[in-house]
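Here's the structure we're looking at; comments come further down.
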Amino acid sequence: MQLIRESFGGACMVFKATIFFFLAIVSFGLASETHINAEPAHQTDANKVKWPDTQPVLRFAINHFPPYSILSEGKPPAGINVEAMKIVAEQLNMRLKFMECPFARCIVLLEKGLVDVFVGVTHSAEREEFLHFIEPPVAPGSVQTFYARAGSSISINEFADLDGLIVGLLRHSLYFPEFDKATNFAKVEANTHLQLIDLLLNKRIDAFVGSEQRFNYLLQEQGLSNKISQQTFHITEDRKVYLALSKHSVHSDLTESFSKALSYAKNKGVFETPFDRSSSE
């Protein structure tokens, strides 16, 4: 009987140790879901906001949108918007925290105040209900165009050619007023740019709409330029592209400070690329 008790007690100890180890692993995994820059922001002469020794965190929502934001497995976020936000955070003496999310999810997180900022959105009355659009804009406008499978019978040379088609678009994105309000063709929403490409290649949609620069870059990156062709019809939109600050952010009363920090970043030329015309969603 004594031997049984000792064996049972030993088994319990092993079971408890196993449970503790499992919980520790799970906790570590949950804590590793986001990227936080290891280097704190430094005080600068241009910084007008003074904070205590413990720097406030600026939660930057970021999606994969090369070359503006690049998310690679096992690597820290990179790209033009990332470099810009590092400068903005430095000017505000804040510590930048990267929150990775598909574009549609990023917008929802901004609306709920679960992230603070996002770079690359256009203005709308609906978005203004929960976002501050920080001046100056990061880009003057965007070029929206359409893509179809190479070799298909689809040919989009004017807006009327969309009649009766099934067109893919990114959820929560704005393109141009005529398209956004149109009902003469079916619209299928996707969460990411890659999902739009998959829908097209699998013949679930006839075409998709999006940033000319964004998709040309992505198709070349994925080796799909010979399978998906850009259509003739395109729209050059003058909707300005902004750094957006959530009105539910703890930093929502610092719009003037964000504006000064953003102006500083723009003056350093960080946003200047050959693709500025098409860097929005």
Side-chain angles (χ1 to χ4, degrees), residues 63-68 102-104 106-108 120-129 131 133 137-242 244 273-281:
N63 66 326
H64 187 57
F65 193 73
Y68 299 94
F103 176 76
C106 288
I107 296 298
V108 172
V121 291
T122 53
H123 175 273
S124 73
E126 181 182 1
R127 288 175 175 176
E128 193 170 14
E129 293 181 3
L131 293 176
F133 292 88
V138 300
S142 61
V143 174
Q144 303 297 333
T145 190
F146 294 83
Y147 295 83
R149 289 182 301 278
S152 73
S153 60
I154 302 298
S155 181
I156 305 172
N157 300 307
E158 57 182 336
F159 190 79
D161 291 335
L162 296 173
D163 287 358
L165 297 183
I166 302 174
V167 181
L169 67 153
L170 202 62
R171 183 172 283 110
H172 292 313
S173 283
L174 299 175
Y175 296 97
F176 53 96
E178 188 177 14
F179 178 87
D180 296 338
K181 299 175 183 177
T183 58
N184 57 317
F185 52 87
K187 298 176 182 178
V188 174
E189 295 183 330
N191 289 323
T192 69
H193 300 87
L194 288 175
Q195 284 181 5
L196 285 175
I197 292 174
D198 287 341
L199 288 172
L200 183 62
L201 291 177
N202 289 315
K203 300 183 179 181
R204 295 179 61 188
I205 57 177
D206 300 312
F208 61 73
V209 62
S211 159
E212 177 186 66
Q213 178 273 326
R214 170 68 185 99
F215 276 108
N216 287 350
Y217 185 102
L218 186 57
L219 291 174
Q220 183 177 5
E221 179 187 64
Q222 299 293 315
L224 295 173
S225 298
N226 62 333
K227 294 185 178 181
I228 295 178
S229 60
Q230 181 177 347
Q231 302 299 291
T232 303
F233 179 63
H234 67 275
I235 291 289
T236 301
E237 262 293 288
D238 60 357
R239 287 180 176 177
K240 296 176 181 178
V241 184
Y242 290 93
T273 77
F275 311 116
D276 279 346
R277 65 177 185 165
S278 55
S279 57
S280 70
E281 295 177 280

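Remember, it's a predicted structure, so these values are computed and weren't measured experimentally.
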Backbone of Gly210 reached by a side-chain donor or acceptor of Thr145 within 3.5 Å: no

For the student: nearest non-hydrogen atoms of Lys203 and Arg149, plus distance: CA-NH1, 3.4 Å

Checking Lys187 side chain against Asp180 main chain: does a donor-acceptor pair fall under 3.5 Å? yes

Check whether Gln144 reaches the backbone of Ser211 with its side chain - one donor and one acceptor, N or O, closer than 3.5 Å. yes

Asn184: partners by side chain to side chain donor-acceptor pair (under 3.5 Å), with sequence neighbours left out: Asp163

His172 and Val108 have their tightest heavy-atom pair at NE2-CG2, 3.9 Å

Can you measure from CG (Leu218) to CG (Leu194) and round to the nearest 0.5 angstrom? 5.0 Å

Gln222, CD atom: more than 12 neighbouring heavy atoms under 6.0 Å: yes

In Å and rounded to the nearest 0.5 Å, what is the OG1 to NZ distance from Thr122 to Lys240? 13.0 Å

I'd like to know whether the aromatic ring centres of Phe185 and Phe179 sit less than 6.0 Å apart in this structure. yes

If you compare all heavy atoms of Asn191 against all heavy atoms of Pro102, which two are closest, and at what distance to 0.1 Å? O-CB, 3.7 Å

Any idea which heavy atoms bring Phe103 and Ser173 closest together, and the distance? CE2-OG, 3.3 Å

Within-4.5 Å side-chain heavy-atom neighbours: Tyr147 and Ile197: no

If I take atom CZ from residue Arg171 and atom CG from residue Leu196, how far apart are they, to the nearest 0.5 angstrom? 10.0 Å

I want to check something: taking the side chain as every heavy atom from C-beta on, are Phe146 and Val209 in contact at a cut-off of under 4.5 Å? yes

May I ask you to check whether over 12 heavy atoms, not counting those of Gln220, lie within 6.0 Å of atom CD? no

Could you label the plane-to-plane angle of the Phe215 and Phe208 rings as parallel, tilted or perpendicular, counting under 30° as parallel and over 60° as perpendicular? tilted

Less than 4.5 Å apart, side chain to side chain, heavy atoms only: is that true for Glu128 and His123? yes

From Leu201 atom CG to Lys227 atom NZ, the distance as rounded to the nearest 0.5 Å: 7.0 Å

What pairs with Arg204 under side chain to side chain donor-acceptor pair (under 3.5 Å), at least two apart in sequence or on another chain? none

Side chains of His64 and Thr192, heavy atoms from C-beta outward: is any pair under 4.5 Å? no

Spatial distance of atom CG (Leu200) from atom CD (Gln195) [nearest 0.5 Å]: 13.5 Å

If every non-hydrogen atom of Ala190 is compared with every non-hydrogen atom of Leu199, which pair is closest and at what distance? CB-CD1, 4.2 Å

Nearest heavy-atom pair of Arg127 and Val121: which atoms, and what distance? NH1-CB, 3.9 Å

Where do Tyr68 and Asn63 land on the side chain to side chain donor-acceptor pair (under 3.5 Å) test, with the steps shown first? CA-CA 9 Å; Tyr68 299 94; Asn63 66 326; over 6 Å; no

Working to the nearest 0.5 Å, report the span between CD1 of Ile107 and CG of Leu170. 9.5 Å

So, does Glu158 use its side chain to make a donor-acceptor pair with the main chain of Ile156 at under 3.5 Å? no

